[in-house]
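Please read all numbers here as calculations on a predicted model, not as lab measurements. We count ligands from 1, going down the list as the structure has it; atoms in each ligand are counted the same way.
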Amino acid sequence: MNVSPLQAARYAYTPKLPGMLRHGIADICVKEGEPTQSVADQEKIQALFPNTYGKKEITFQKGANTSPAKKQVVGVILSGGQAPGGHNVVCGLYDALKATNSENVLYGFKGGPSGLLEDDYLIFDDAYIDQFRNTGGFDIIGSGRTKLETEEQFAVAAKVCEKHGITAIVIIGGDDSNTNAAVLAEYMAAHNTGVQVIGCPKTIDGDLKNEDIEASFGFDTATKTYSELIGNIERDCNSSKKYWHFIKVMGRSASHVALECALETQPNVCLISEEVAEKKMSLSQIADQIADSVEKRASLGMNFGVVIIPEGVVEFVPEFSALIAEINEMLAGSKAAQFNELGSWDEKYAFISEGLSAESMKVFEILPQAIQQQLFLERDPHGNVQVSLIESEKLFSAMVGAKLAQRKAAGTYTGKYATQHHFFGYEGRCAFPSNFDSDYCYSLGYNAFMLIQYGYTGYLSKVSNLSRPAEEWIAGGMPITKMMNMERRHGEDKPVIRKALVELDGAPFKYFEAHREEWAEKTCYLFPGAIQYFGPASVCDITTRTLALEKGM
Ligand code: FBP
């Protein structure tokens with residue numbers, strides 16, 4: 001096979017397991033901790049999960065393996081957006097499964113959860129698995145966003161499992177997919193199918209974390225990749241001294257990615273959506289905040305800078321989400337066709353100004369025309385505005401330009417303002433996993449199999465103590481129901497894993513807050529450079545600033 005030199009070298013990398021899993025399968029025993037309670041709404045969650053609620057926390061340790069000798073046939077699914085390291089979860093799972101019993105079988109359901117429903121699969125063998133070790137992407141079996149959430153789907157899944165004699169399903173996904181893993185586990189237990197369900201925490205967004213799960217995999221590599229690019233741009237910007245770069249980074253809702261990149265690169269400005277919501281900031285206030293940095297730096301002779309914008313920020317601006325809600329309402333049903341038939345933008349504008357409230361019209365009026373038009377072009381299958389497609393990097397750079405023009409007219413600003421725009425998202429989701437993600441993911445997969453072998457279901461594979469060297473990591477499992485609470489979703493109260501947004505009183509934000517004034521004015525850029533795979537552990541194995549700060553390091 002034709003592979004790049006790095007890919008060939010990464011095949012030879014041996015991922016590091018937690019010390020307690022290094023002794024060989026025969027020497028891994030289980031230690032049960034205390035029974036667990038859900039983080040909130042205990043009675044409701046218990047009533048919904050009578051078979052899987054309240055189970056004990058698990059850790060593995062060195063000792064005689066007492067798991068029952070049972071042939072395992074496991075199915076694995078990759079669910080949702082790609083995250084670096086997904087292949088290693090599958091490899092770790094496969095290696096533990098085969099090391100336990102060479103007769104064990106691993107099925108990979110293709111294209112995400114729909115593969116299970118459609119019985120579309122492949123069976124892994126050494127030759128196939130070996131092509132994917134320590135590589136990025138999810139192309140080993142593909143991924144998809146079909147949700148496994150209805151009774152009908154569960155019944156189909158149970159049939160497919162029965163057909164192949166499957167004893168356990170491993171779902172590698174984010175908060176929604178793992179919530180669904182818990183519901184599927186409960187269904188399988190309630191119907192005595194004998195099928196166990198184990199989840200693994202994935203998402204570059206970093207929003208699947210809590211007191212048990214320290215990090216979702218992929219966050220480390222994706223943020224390192226974006227930070228490398230941002231650092232390179234900072235260096236370019238500091239060399240040519242002529243542009244303000246507006247850089248949007250992925251993260252559907254939470255701003256963990258933006259914050260981590262800011263901690264890694266120390267840009268002039270970084271917006272944090274959670275703060276925007278907390279302070280109920282308007283678009284105009286945000287633009288003023290950025291314009292203040294531009295003005296200050298211009299007064300020091302620096303007409304250049306870098307601004308990081310989290311992908312989801314506009315949804316956190318109260319006046320903007322009110323505008324979106326009104327637009328969705330305004331174009332509901334047949335009114336969308338009526339709007340689309342209007343020929344010119346002027347006619348459409350008149351239709352819009354009649355349909356919007358005075359407050360929303362004020363917000364609409366300050367948007368650059370290209371963004372105004374985007375709001376009406378990009379609709380999802382339900383006819384709603386797709387907020388994630390709004391080019392917020394262009395929105396804010398244009399609004400800052402307008403603010404600066406006003407300041408120029410008032411004689412308070414005399415600088416130059418030229419802009420460049422970037423969106424970093426897909427560039428990082430399939431990068432070669434860093435050593436951290438290679439090790440963490442392999443450990444999650446290996447550990448998932450140990451949970452299966454010891455008969456657990458409705459658990460998330462848990463590897464913790466991640467800010468320490470892998471030798472000191474702690475492997476085990478946590479009942480998914482422990483992480484759940486009730487939330488309002490689509491008009492109904494649903495049991496879900498709580499999504500972790502950036503905590504404004506948490507150490508990573510506090511560090512950023514303490515330094516951002518200085519960064520806004522001076523040039524304090526940091527250049528993290530490319531991910532290093534070979535070399536000293538102090539360069540190659542370090543994880544994120546977010547995790548280090550959260551752990552008080
Ligand atoms: P997951 O939550 O499934 O991990 O995906 C996260 C994400 O990468 C977001 O950062 C981004 O908003 C979204 O997926 C993009 O989705 P798509 O791949 O469908 O364009």
Side-chain angles (χ1 to χ4, degrees), residues 77-89 111-115 136-139 141-149 171-181 199-210 213 215-227 229-230 247-261 271-274 308-316 378-382 384-393 422-431 433 437 440-441 444 460 483 489 496-502 544 546:
I77 299 170
L78 290 162
S79 178
Q82 284 70 251
H87 286 167
N88 267 24
V89 181
S114 62
F138 275 8
D139 42 327
I141 41 174
S143 183
R145 291 200 181 276
T146 302
K147 291 193 189 310
L148 276 184
E149 55 188 349
I171 297 181
I172 303 170
D175 55 334
D176 281 345
S177 304
N178 280 298
T179 291
N180 295 335
C200 288
K202 170 234 76 166
T203 178
I204 63 154
D205 290 2
D207 57 5
L208 172 47
K209 63 175 172 182
N210 47 48
I213 301 300
S216 56
F217 78 76
F219 178 73
D220 181 85
T221 309
T223 53
K224 283 191 167 89
T225 305
Y226 306 143
S227 298
L229 298 174
I230 295 168
I247 305 170
K248 180 167 76 171
V249 291
M250 250 189 192
R252 189 192 304 277
S253 180
S255 303
H256 299 292
V257 172
L259 180 55
E260 171 63 20
C261 292
L271 304 179
I272 300 297
S273 306
E274 291 81 348
I308 300 180
I309 297 172
E311 184 184 7
V313 70
V314 286
E315 285 187 86
F316 287 74
E378 312 283 6
R379 326 290 307 288
D380 72 10
H382 308 287
N384 293 327
V385 175
Q386 292 201 60
V387 184
S388 66
L389 298 181
I390 293 169
E391 293 175 304
S392 44
E393 67 281 26
H422 315 265
F423 172 37
F424 297 149
Y426 300 99
E427 291 81 350
R429 295 201 314 183
C430 286
D437 272 327
Y440 181 40
C441 291
L444 286 171
L460 203 57
M483 301 162 196
R489 297 276 170 97
V496 293
I497 296 177
R498 204 182 263 170
K499 198 183 263 307
L501 297 177
V502 169
T544 57
T546 301

Go through His256 and Asp205 one step at a time and tell me if the side chain to side chain contact (heavy atoms under 4.5 Å, CB included) criterion holds. CA-CA 7 Å; His256 299 292; Asp205 290 2; over 6 Å; no
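Because its NZ or CZ atom is both nearer than 6.0 Å to the ring centre of Phe423 and within 45° of the ring axis, Lys248 counts as a cation-pi partner of that residue.
Asp437 and Thr221 share a side-chain donor-acceptor pair at under 3.5 Å. Side-chain contact check for Ser255 and Ser273: at least one donor-acceptor pair (N or O, by modelled atom type) lies under 3.5 Å.
Each of the following atoms of ligand 1 lies closer than 4.0 Å to a heavy atom of Gly80: 3 (O). With ligand atoms numbered from 1 in the order given, ligand 1 contributes 6 (C), 7 (C), 9 (C), 10 (O) to contacts under 4.0 Å with heavy atoms of Asp205.
Between Phe424 and His422, the ring-plane angle classifies as tilted under the 30° and 60° cut-offs.
Contact annotation: for Arg429 versus ligand 1, heavy atoms closer than 4.0 Å belong to the side chain alone. Both the backbone and the side chain of Thr203 come within 4.0 Å of ligand 1, counting heavy atoms alone. Under 4.0 angstrom from ligand 1, the non-hydrogen atoms of Tyr426 all belong to its side chain.
With atom 12 (O) of ligand 1 as the reference point, the heavy atom nearest to it among Lys202, Arg145, Glu311 is part of Glu311. The closest non-hydrogen atom to atom 3 (O) of ligand 1, taken over Gly251, Gly312, Gly112, Gly81, comes from Gly81.
Protein heavy atom nearest atom 13 (C) of ligand 1, with residue, atom name and distance: Arg252 NH2, 3.5 Å.
With hydrogens and angles disregarded, no donor-acceptor distance shorter than 3.5 Å links the side chain of Glu315 to the backbone of Val313.
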